[in-house]
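For reference, the structure discussed in these notes is given below.
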2 protein chains.
Amino acid sequence: MRWSELESADCPIARALSILGDRWTLMIVRDCFFGVHRFEAFQANLGISRTILRDRLAHLVQAGILVQRPYQDRPVRYDYVLSAKGKALNGVMLMLGEWGRTAVDGQPETQIRHRHQTCGHVLTPYVACAACGEEVVAKDVRAVRAA
Amino acid sequence: MRWSELESADCPIARALSILGDRWTLMIVRDCFFGVHRFEAFQANLGISRTILRDRLAHLVQAGILVQRPYQDRPVRYDYVLSAKGKALNGVMLMLGEWGRTAVDGQPETQIRHRHQTCGHVLTPYVACAACGEEVVAKDVRAVRAA
DNA sequence: TTAAGTGCATTTAGTTTATGGACTGACTAT
DNA sequence: ATAGTCAGTCCATAAACTAAATGCACTTAA
């Protein structure tokens, strides 16, 4: 199966991964959440090859996750900022970071975390159910077809 | 930069993606959450080439996300089940699915969702803060270095 | 006791994608 | 003039992926 065939899959995870599931795309999105917006900054930060960066940015723009914004004329230059659809990835990024922090070995003392501005604490994120507000754990969910 | 160099990055997202950030790994993990455990089942389900499947399963085992469990002798055959570290990816998968469902176009009527067994509702997951219990939105978090 | 089937692993060859470095073009600042 | 900045392109090489075939250790049915 070719990867591109996943786009039309029934499964929302498959469709999400058809956009995000390669080696660099989510790293670029992460940088956007950290305030990186320009081509040269992504390139310097990630060490990605320029060809791939061009390609990935174009895909992210086409997917509606990033939008290009002109920041100067003569010559006109664009930077890349998260759209609403891109900002909606916040939850994914937080949970991915939390998994990386707690499940993957590393030097905890040098790790980046987040502060939750509204309560002032260092953030430990978890997934909750909108209906009951309780934490959702793997054993309590069952796949169903939507009505 | 070579992808493998990310493993030792300070950022937990980078470290998570050094394990999960390729085209098939998270699809395999998704299948595990849906109860798929055997080589032939992954292969039939995903249409992935056997060579890559072998490689990805080996990586997932080596990363401690899946564990091999013998399910027969003569010849001994193993299937693959999620370890605790793998089950910890539940939150990532739920948020990824929610993003795919709400942000990526598709036919909503055929989409798979989850039921939250403890309250009985179809699950709409969101990320909450362990300290205050409130929903965490992008504008309320700021990156900090951990103490 | 052959024949067909299961559940993989391995090999091969061809295609696709990624990489790193040099390069271009439009400007600005000195 | 000269150098620098910035987004982006081009190209040769390297790596990753695919599909299909083959091998192997067994089991079950004929």
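Given the structure is predicted, the values throughout are model-derived calculations rather than measurements. Chain letters run A, B, ... following the sequence lines, proteins first and then strands; every chain starts at 1.
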What is the separation between atom [atom1] on [X] and atom [atom2] on [N], rounded to the nearest whole Å?
X: A:Q72; N: D:dG4; atom1: CD; atom2: C1'; result: 13 Å
X: A:L53; N: D:dT9; atom1: CG; atom2: P; result: 11 Å
X: B:R50; N: C:dT10; atom1: CZ; atom2: C1'; result: 11 Å
X: B:F42; N: C:dA9; atom1: CZ; atom2: C1'; result: 17 Å
X: B:E40; N: D:dC24; atom1: CD; atom2: C1'; result: 14 Å
X: A:Q43; N: C:dA18; atom1: CD; atom2: C1'; result: 14 Å
X: A:L57; N: D:dG8; atom1: CG; atom2: P; result: 8 Å
X: A:H59; N: C:dT17; atom1: NE2; atom2: C1'; result: 12 Å

Looking only at side-chain N and O atoms, does [X] come under 4.0 Å of OP1 or OP2 in [N]?
X: A:R56; N: D:dG8; answer: no
X: B:W24; N: D:dT18; answer: yes
X: B:Y80; N: C:dG7; answer: no
X: A:Y71; N: D:dA7; answer: yes

Exercise. Counting side-chain heavy atoms from CB outward, which of C:dC8, D:dA19, C:dC27 is closest to B:S49?
Worked result: D:dA19
Seminar exercise, completed: Winner on side-chain proximity to A:R23, out of D:dC17, C:dC8, C:dT19, is D:dC17
Heavy-atom count around [X] [atom1] within 6.0 Å, excluding the residue itself: above 12?
X: B:H59; atom1: NE2; value: no
X: B:F39; atom1: CZ; value: yes
X: B:K87; atom1: NZ; value: no

Is there a donor N/O on one and an acceptor N/O on the other, under 3.5 Å, for the side chain of [X] and the base of [N]?
X: A:T51; N: C:dG20; answer: yes
X: B:R77; N: C:dC8; answer: no
X: A:R54; N: D:dG8; answer: no

Problem set entry | Ring-face cation contact, B:F42 with B:R56, 6.0 Å cut, 45° max | no
Problem set entry | Most 5' of A:D55 and A:V76 on DNA chain C, judged by nearest nucleotide |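 It is A:D55, whose closest nucleotide lies nearer the 5' terminus.
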Exercise. Which atoms form the tightest heavy-atom contact between A:Y71 and A:D79, and what is the distance?
Worked result: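 Distance-wise, the nearest heavy atoms are CD2-N, 3.6 Å.
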